[in-house]
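Here is the structure we will look at.
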Amino acid sequence: MISFENYITPEEYMDLRKMVGWVEFPLEQAKACIDKAYMIQCVRDDEKAIGVVRLLWDGGYIAFLSDVIVDPKYQGQGIGRKLVEASIQKLKEGMKLGYKVKLTLNSAIGKEPFYEKFGFRVRPNEDAGPGMDQWLIFDEE
Ligand SMILES: CC(C)(COP(=O)(O)OP(=O)(O)OC[C@H]1O[C@@H](n2cnc3c(N)ncnc32)[C@H](O)[C@@H]1OP(=O)(O)O)[C@@H](O)C(=O)NCCC(=O)NCCS
């Protein structure tokens with residue numbers, strides 16, 4: 001049975017990242033990703049973790065939607081939609097009258113139409129340049 005929970009273990013989180021081919025981290029760092037998130041949701045089929053989303057928010061005007069992952073075997077069933085909608089709802093519940101929050105994300109290639117369904121706009125556009133990022137990797141030389 002599918003359920004949506006507010007907890008995930010670092011191991012489960014890393015397994016889901018691995019499943020969709022994303023970068024992995026040490027478990028200590030994965031734990032920080034979970035503990036420091038404003039909201040985390042894990043989708044389970046009985047006990048098995050089959051999806052996740054992380055919402056980061058500084059309490060001010062910047063929020064970041066991260067790690068929207070659904071196990072490929074469960075994609076196309078509306079689970080990704082529920083994860084994104086729950087994140088937006090959680091953010092709205094934390095906002096007070098007059099608040100303005102910019103919710104951003106880094107779309108994986110080809111997933112832009114999925115996010116456009118929830119009001120996200122592809123960059124660059126008339127108001128904003130392309131998003132930019134870099135990986136900082138602490139490694140033995
Ligand atoms: C992107 C992802 C989370 C979507 O999850 P999902 O559970 O398959 O999505 P849903 O079934 O909830 O689909 C919701 C809507 O988005 C649409 N959609 C899903 N993936 C889409 C895509 N790649 N392009 C266009 N539309 C898409 C669905 O058709 C559906 O439309 P509808 O509600 O209007 O009928 C999932 O494909 C995934 O985990 N991919 C691998 C990891 C990844 O790339 N995540 C995004 C990181 S930025």
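Whatever order the structure lists them in is the order used to number ligands and atoms, beginning at 1.
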So for Asn106 against ligand 1, with non-hydrogen atoms under 4.0 Å, the contacting part is backbone
Can you tell which part of Lys82 has a heavy atom less than 4.0 Å from ligand 1: side chain, backbone, both or neither? neither
Rounded to the nearest 0.5 Å, the CD1 atom of Ile79 sits from the CD1 atom of Ile50 at a distance of 4.0 Å
Rounded distance [0.5 Å steps], CZ in Arg44 versus CE in Met1: 12.5 Å
Identify all side-chain donor-acceptor contacts of residues 110-132 below 3.5 Å with residues at least two apart in sequence or on another chain.
from   : atom 1 : to     : atom 2 : distance (Å)
Glu112 : OE1    : Gly110 : N      : 2.9
Arg121 : NH1    : Asp127 : OD2    : 3.0
Arg121 : NH2    : Asp127 : OD2    : 3.4
Arg123 : NE     : Gly129 : O      : 2.7
Arg123 : NH2    : Gly129 : O      : 3.0
Asn125 : OD1    : Asp127 : N      : 2.9
Asn125 : OD1    : Ala128 : N      : 3.0
Asn125 : ND2    : Val122 : O      : 3.1

Any side-chain donor-acceptor pair under 3.5 Å between Tyr13 and Asp67? yes
Side chains of Ser3 and Glu5, donor plus acceptor under 3.5 Å: yes
For Glu85, run the side-chain hydrogen bond (donor to acceptor under 3.5 Å, both in side chains) check against Arg81, Gln89, Lys82 and tell me which one passes. Arg81
Return the residue, atom name and 0.1 Å-rounded distance of the protein heavy atom closest to atom 29 (O) of ligand 1. Lys117 CE, 4.5 Å
of all protein heavy atoms, closest to atom 41 (C) of ligand 1 is Val20 CG1, 3.7 Å
Could you say whether the N/O atoms of Arg81 and ligand 1 ever approach to under 3.5 Å? yes
Compute the shortest N/O to N/O distance between Gln77 and ligand 1 and return yes if it is under 3.5 Å, no if not. yes
Using a strict 4.0 Å cut-off to heavy atoms of [X], name the atoms of ligand 1 that fall inside it.
X: Gly78; result: 10 (P), 11 (O), 12 (O)
X: Gly76; result: 6 (P), 7 (O), 8 (O), 11 (O)
X: Pro113; result: 24 (N), 25 (C)
X: Ala108; result: 44 (O), 47 (C), 48 (S)
X: Ser107; result: 48 (S)

Is it possible for you to say whether Trp135 and Leu105 belong to one hydrophobic cluster, with membership spreading through side-chain heavy-atom contacts below 4.5 Å? no
Could you state whether Phe4 and Met39 fall into the same hydrophobic cluster, counting links through intermediate Ile, Leu, Val, Met, Phe, Trp or Tyr residues with side-chain heavy atoms under 4.5 angstrom apart? yes
Looking at atom 35 (O) of ligand 1, is any protein heavy atom nearer than 4.0 Å to it? no
